[in-house]
Structures are given as structure tokens and as C-alpha cells.
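First comes the structure, then the notes that go with it.
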Amino acid sequence: MRVGPHFCPGVLHAVQAKDGLLIRIRVPGGLIEANQLRTIADLSSGFADGTIEITSRANLQLRGIRTEDLGQIVDGISSAGLLPSQHHDRVRNIVTSPIAGIDPGELIDPRPLIRQFDQRLQADTAFVNLHPKFSFAIHGGPKRFSRDIDDVSLDAVNLGAAPYLRISLGGVSPSFVVKPGDAVDCMLSTTRMCIELAKESSLPVRVKAVMSIPGAMDRVLDVLSHMLQPSPLSLPASTVNEPLMGIYTTTQDGRVSIIPSVPLGRLNPEQARYFADASNEWAGDLRLAPWRGVVLGSIPKSAADNIVAQLRAIGLSCEGRDGFQGIAACAGITGCDASLADVRDDAASLAQRLLGHGVPSGWTVNLSGCDKQCARRHGATAELVAGPLGYTLSVKGRRVASDCSREFALDAVAALHENLLSEVAAR
């Protein structure tokens with residue numbers, strides 16, 4: 001088991017942080033079982049800092065772990081089925097919609113493809129050393145919730161008689177589609193070719209880097225040629241949908257999805273256990289979401305009001321007015337030696353200023369403790385980056401103030417929020 005600062009975290013690749021060891025747990029497609037989430041809750045309360053963090057690629061993270069407790073955590077995670085391959089510990093970013101299979105607008109259910117792809121990926125040692133940030137995505141319908149540009153992505157499109165999947169490489173679509181039955185082979189073959197091209201040019205195995213090699217796209221498409229069909233459609237670029245919040249209908253009669261706000265993407269063990277218990281009691285299912293949230297899916301509509309009340313009682317609102325929507329923060333000064341501010345506390349103070357108000361479309365705020373900006377999401381409405389003399393404030397990518405006090409920066413973002421709501425109301 002490797003432990004050290006030079007590895008992107010995994011279960012077997014713990015990283016030392018200011019508050020203890022940090023591990024990241026792969027959850028392909030964000031599809032997690034109730035017993036698995038309960039196990040993570042127990043491990044967090046018994047051997048970590050009592051918090052379960054959801055990442056922007058719908059994986060999980062535990063921190064504040066003591067070295068002597070790491071073995072028990074690894075054993076617990078493995079027993080729960082969340083470490084099916086020791087060799088692929090950090091080959092983990094497999095993304096789909098958190099309402100996959102229950103979205104009424106979906107063209108295909110991508111969950112079987114996600115599971116098949118993950119099994120094939122883990123069975124092949126060729127993929128062991130993929131870059132830890134290398135990401136795959138399979139989207140079964142028009143809704144997309146991840147803001148990340150995936151290395152290899154397949155998006156369902158309707159070409160008439162049957163749905164196909166449009167391939168994109170590093171966010172670039174070469175205008176080809178594949179049949180769902182070829183989806184897994186297509187993604188694996190694409191990745192093998194990217195590994196080969198990266199090795200030839202001594203580049204990191206990331207598709208954007210590989211596609212900068214002259215002729216790289218043609219070589220990848222040549223390998224895939226027996227699976228590809230030209231797409232007759234000129235398709236618009238994929239848009240990112242707003243995070244979901246509240247109660248939503250599903251493809252199942254009489255069943256709904258319940259989606260609360262999870263402040264800063266952090267659950268305590270009591271909250272995690274409640275999700276697991278509710279899923280078991282009502283034969284529902286659980287998904288982690290790329291907005292760092294949780295979807296409690298396939299719940300009887302008759303139980304929804306009671307579950308919403310129970311969630312509210314443990315600090316998880318489904319009304320969307322808790323102030324935390326769209327706010328992200330890094331570990332901050334309590335968890336990271338590089339941080340120059342307690343950004344999580346500042347994020348909570350900002351949420352208090354926004355409490356009870358609606359949320360403007362596309363509203364996102366990043367608070368980063370240093371200029372590494374680990375919590376950064378591209379295209380944020382406002383960014384606060386801590387420096388030695390205070391915060392730097394940027395709005396929609398443009399710097400508007402430097403060396404701001406905490407109070408000035410938070411008040412400015414709150415005022416921006418109010419102005420955006422006023423603009424919407426005036427339309």
C-alpha cells in the first residue's frame with residue numbers, strides 16, 4: 001500500500017493532508033448500493049473525521065484518517081465491494097446521469113453499459129496506469145450534469161429507427177456514432193489507442209494532449225472504423241443542465257426521485273445512514289451526483305413527503321433555499337497546508353447571506369484557499385481565491401477586486417446574487 005504526497009488519492013494510494021490521510025473511493029457511474037454507503041458512514045465515524053465527501057465525478061472521499069487506522073478502512077471498503085480491483089484503484093472516473101434509467105426523457109438506459117464497461121476495464125491490465133483524472137462518460141439522454149470535459153464520451157442521439165451513441169474525444173465530436181452494442185468495445189479501443197499515442201510522444205495519457213499530435217484523430221478513427229457510422233445530424237454542443245433539487249417523476253408509475261441539497265458536497269454519517277435506510281425500506285436506489293449531491297431514486301410517491309420531512313430534520317433541504325446551491329469550496333485551512341483561508345467556514349457564511357432566496361440560473365461560486373484552486377469549476381459565476389492579503393474576486397472570469405477582506409468579498413458575492421435575481425424578475 002503506497003502512502004505519500006506524490007499520488008492522486010485512491011483507496012490504496014492514501015495522501016497525507018494537514019488533517020490526516022486522505023483517500024478517494026471509486027463509484028462507477030455514481031451507482032452506489034445502500035449497504036455500501038452505510039459501510040462508508042461507519043468507517044467515517046469510526047476511523048476518519050466523520051465526514052463523507054462527494055466529488056465532482058460522483059466518487060467518494062474520506063479524510064482525517066490516522067495511519068494506524070488505514071488498514072481497517074481499506075478492509076471495510078474492500079468487503080463492501082468498492083475495491084473490486086487493487087490494480088485499478090485510481091482508474092475510477094466513469095460518469096453518467098444521476099437519474100440514469102429513471103429519466104423519462106432518456107433514449108437508452110446507460111447503466112448496463114456502465115457496469116459492463118467497468119468490468120471490462122478492470123479485467124485488462126493495459127489500463128492500470130491511466131492518468132487518475134482520465135474520465136469516461138456514457139449519457140443515455142439529453143440531460144448532462146457534469147461540467148467536466150470527459151476524455152472519452154458517448155452521448156445517446158436519436159437517428160430515427162433506433163438510438164445511437166455519438167462519440168466525443170476530449171470534448172471534440174468527429175461526427176460519428178456507434179450502436180449501443182459496440183459502445184464498450186469503442187471506448188476500450190479508443191483508450192488503448194490513446195495510451196499508444198501518448199507513449200510514442202511521451203505525453204500524459206489525456207485525450208486533449210493526445211489529440212494535439214498531428215494525425216492522432218485519424219489514427220483513432222481508423223482503429224474504430226469497423227464500428228463507426230457517419231452521423232447525418234449536425235448536433236449542437238452539449239449543454240450542462242442545472243443541478244436537480246426536490247421531487248421528480250420517473251419512468252416508474254407511482255415512484256419519484258427525491259433530491260436534497262448536500263451543503264458543500266459533505267454528508268455526516270447520520271445523513272448517509274438515513275439515505276441507506278430509506279433506500280432499503282422503500283426498495284429505492286441511490287446515486288451520487290456530479291453536483292456533489294445524492295439522488296434517492298425510485299421511491300413510492302406516497303412516501304415522499306415523509307422522507308422530505310426526515311431529510312429536513314437532519315439538515316438536508318429539498319426546497320433549494322438553504323443558500324448552499326452552487327457553492328463549492330476546497331478543504332481550506334483546516335485540511336490543507338497550502339490554504340490561506342478557512343474557505344469552508346466562509347462558504348457557510350455566504351450561504352447564510354443567501355438563505356431563503358432563490359437561485360439564479362447557472363449560479364456557481366468557487367472558494368479556493370490558494371491559487372492552485374483545487375475546487376475550481378470552469379465557467380463559475382464568481383470565484384474567490386485566497387491570497388496572503390485577502391481574497392481575489394472574479395466575476396464570470398473577469399477579475400474585479402484584489403486583496404479583499406472576507407466580509408467585503410462575501411458581501412460582494414451576495415450583492416451579485418441579488419442583482420442577478422432582480423434581473424430575472426424584471427424580464
Side-chain angles (χ1 to χ4, degrees), residues 3-10 13-24 48-49 51-57 59-65 90 93 131-133 135 147-149 204 206 262-266 290-292 323-324 326-354 363-414 416-417:
V3 178
H6 305 299
F7 303 108
C8 188
H13 299 78
V15 170
Q16 183 67 53
K18 184 177 181 179
D19 55 349
L21 296 175
L22 166 69
I23 63 169
R24 199 166 292 157
D49 70 350
T51 301
I52 302 158
E53 298 180 343
I54 306 166
T55 76
S56 62
R57 290 190 175 101
N59 294 303
L60 292 175
Q61 192 164 276
L62 296 180
R63 60 186 313 134
I65 302 165
R90 296 186 298 168
N93 299 314
H131 194 287
K133 293 189 182 298
S135 62
R147 293 182 175 273
D148 294 318
I149 296 175
R206 297 299 306 274
V262 178
L264 302 183
R266 307 176 83 218
W291 58 80
R292 303 183 70 204
F324 279 99
I327 299 178
C330 66
I333 203 164
T334 59
C336 177
D337 285 319
S339 182
L340 298 169
D342 189 350
V343 292
R344 285 182 173 164
D345 185 68
D346 292 348
S349 293
L350 175 60
Q352 189 63 36
R353 286 166 165 80
L354 307 182
W363 174 254
T364 49
V365 182
N366 296 338
L367 291 93
S368 300
C370 71
D371 57 11
K372 290 188 296 183
Q373 299 185 64
C374 294
R376 186 183 186 194
R377 294 166 297 177
H378 294 285
T381 312
E383 291 180 300
L384 294 175
V385 181
L389 301 178
Y391 277 116
T392 294
L393 170 62
S394 298
V395 174
K396 296 182 179 179
R398 184 174 65 88
R399 181 178 295 188
V400 297
S402 300
D403 301 334
C404 307
S405 70
R406 171 184 184 272
E407 291 300 317
F408 177 90
L410 298 184
D411 286 344
V413 176
L416 173 65
H417 183 275

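Bear in mind the structure is a predicted one, so any value in this text is a computation, not a measurement. Just the heavy atoms: all of them, side chains too, but no hydrogens, waters or symmetry mates, feed the values below.
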Side chain to side chain contact (heavy atoms under 4.5 Å, CB included) against [X], all qualifying residues, sequence neighbours excluded:
X: Leu354; answer: Ile327, Leu350, Trp363, Ala414, His417
X: Ser56; answer: Asp148
X: Asp345; answer: Asp342, Ser349, Arg406

Show me the pairs that pass side chain to side chain donor-acceptor pair (under 3.5 Å) and involve residues 390-404, at least two apart or across chains.
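Of all non-adjacent pairs touching residues 390-404, those that pass side chain to side chain donor-acceptor pair (under 3.5 Å) are Asp346-Tyr391.
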
Using the side-chain contact (heavy atoms from CB on, under 4.5 Å) definition, which of the options Asn59, Leu62, Leu22 pairs with Pro9?
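Among Asn59, Leu62, Leu22, the one that satisfies the side-chain contact (heavy atoms from CB on, under 4.5 Å) with Pro9 is Leu22.
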
Sort out for me which residue in Asn366, Val413, Thr364 forms a side-chain contact (heavy atoms from CB on, under 4.5 Å) with Thr381.
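Answer after filtering Asn366, Val413, Thr364: Thr364.
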
Say whether, by atom type as modelled, one donor and one acceptor occur between the side chain of Ser368 and the main chain of Cys370 under 3.5 angstrom.
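A pair under 3.5 Å: no.
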
Contacts of Arg57 that satisfy side-chain hydrogen bond (donor to acceptor under 3.5 Å, both in side chains) - sequence neighbours left out:
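side-chain hydrogen bond (donor to acceptor under 3.5 Å, both in side chains) list for Arg57, sorted by chain: empty.
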
Could you state the interatomic distance from CG (Asp19) to CZ (Arg63), rounded to the nearest 0.5 Å?
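CZ of Arg63 is found 4.0 Å from CG of Asp19.
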
Any pair counted as salt bridge (charged side-chain N to carboxylate O under 4.0 Å, His left out), so long as it reaches residues 382-395, sequence neighbours left out
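The answer is Arg376-Glu383.
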
Looking at Phe408 and Ala401, what are the two nearest heavy atoms and their distance?
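Heavy atoms of Phe408 and Ala401 come nearest at CE2-CB, 4.3 Å.
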
Lys133, NZ atom: more than 12 neighbouring heavy atoms under 6.0 Å
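Not more than 12 within 6.0 Å, no.
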
